[in-house]
Amino acid sequence: MTKTLIRGAQVFVENDNFAEVSLLIDKDQIAAILPKSETVADAKPFDATGRIIIPGLVNGHTHSHGALARGGVPDDAILETFLAGSAWLNLDRSHDDLALCAQLSAVELIRKGCTSCFDLFIELPGPTVEGTYAVAHAYHDVGLRAVVAPMIADQTIYQALPGLLDTFEGPLREAVAAITLPDWRSTLAVCDQALRNWPVPTGRVRPGLGPTIPLHCSDAFLQACAHLSDDISMPLQTHLAETRLQQVMAQRKFGTSLGEHLSELGVLSPRFSGAHGVWLSEAEMTLLAAAEAGISHNPMSNLRLGSGIAPLRRLADAGVAMGIGTDASNTSDGQNMFEAMRLATTLSRVNTSDSEQWVRTTEAFDMATRGSARLLGFDSVGQIALGWAADLVFLDQSYCHYTPQRTTLDQIVMAETGAAVREVMIAGQMVFSDDRILTLDEAALRQRALVAADRITHANVGARTMNAAAAEVVKGFCQRHCTAHLP
Ligand SMILES: [Zn+2]
């Protein structure tokens, strides 16, 4: 029996209204939305009395490798000192470690009501086919819907930021200058091979491409990434204007803003999304909208690293396709899409009491579901509607957030933390129930994580010391340049 009839719940239908209806699930889809009294002879009944069912949240931007880097980022880190100071956390990672990270990340996301993610994972010094496939298999086996995008670059931060290397002296300068990344042609050849010959069904886990930060990628590299994304028709995501310093450096390096630079290179397209977009000008927003490109808004990470508050209202009004993400569990410091969604609406209120300018709860919810799904390239994910993916989150109506229950969506967006999540279904398969992930052994996973984290910490004592010293120099450089004039 492949059909399930979910009965008794309040269902958020088409991201529009709550109704007491039954959901007929056939394989991985919502096959019918039926009156609550209706029965279906060939369907297994599922009693969801006391549940509020919403579509699974979709994480527009994360990094699974952050799962083994928790607690490794100093609380005074800005993005650039994080990049310089925390590089050691990504060293000495086996393919098993990459898979372990994807499993850890998937478990956290599912437990917090997220059913899909865009994962820019890193493998150093460069991606391999085996490493990429280890991540893809991990998501496939846990059951989380995902875009798996190798995060790639051909310039280190010391090569990427004009003038940075010159501020280093002595042995530390030699040490950071000696760090190199593989030539972009070999990196892209690996991606081409890995992403074209995908190892798992693409219904749930798909390939993507993640040129990390435009400043860290040569022009020809970015253009080649865009061609590959076009050729295989897969999403491409980069960190775009995450910090003000990035825009200052873009002016020095390219003589233009980051958005205009990408536009001139022909990288913007409906498959393109930028993560963060905190420091985008109106002109850049217009270019993104004209290209039908998107932005993943990652408010927690932006706050944690002091990057700023993205102009969500203006981005949405400009016509940029908006999604919401968490960023990784090293800089966020968890992956909670409920939190990200709540920050999306509440932070829009910071600078204005004109409520017409606020991002309302309905908008934030839509960005965190259909909006992010659009960035991932999944057309039928992100709402409970006929023929759409059976990605469902069951909330406990008796939980304090809903006692009393008046304006259900407002209460979900403004109060939910994931604490009321009781069941999670992805592509018609129950993956979480009775406070347990059903597709893997969480206790064993935790043991593997502790062993791997311990090994990484002990293997990289020297790199950690060097990274910390380099981060201090980077910090001074950023302080001197981050407030420079921008046109
Ligand atoms: Zn990121």
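In each ligand, atom 1 is the first atom listed, and ligand 1 is the first ligand listed. All residue numbers refer to positions in the sequence shown, counting from 1.
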- Task: Indicate yes or no: does Asp333 engage Arg304 in a salt bridge with an N to O separation below 4.0 Å.
- Result: yes

- Item | Contact summary for Leu245 and Cys478, nearest pair of heavy atoms | CD2-SG, 3.7 Å

- Query: What are the protein N/O/S atoms, named by residue and atom, that sit under 2.8 Å from the Zn ion (ligand 1)?
  - Reply: His61 NE2, His63 NE2, His239 NE2, Asp327 OD1

- Is the His239 to His61 ring centre distance short of 6.0 Å? yes

- Task: Enumerate the residue pairs fulfilling salt bridge (Lys or Arg N to Asp or Glu O under 4.0 Å) with a member in residues 219-245, sequence neighbours excluded, ordered by first and then second residue.
- Result: Arg196-Asp231, Asp230-Arg271

- Message: Could you check whether any side-chain N or O of Ser116 sits under 3.5 Å from a backbone N or O of Ala146, counting only pairs where one atom can act as donor and the other as acceptor?
- Response: no

- Message: Does this structure show an ion pair linking Arg374 with Glu292, if we count only N-O contacts that are shorter than 4.0 Å?
- Response: no

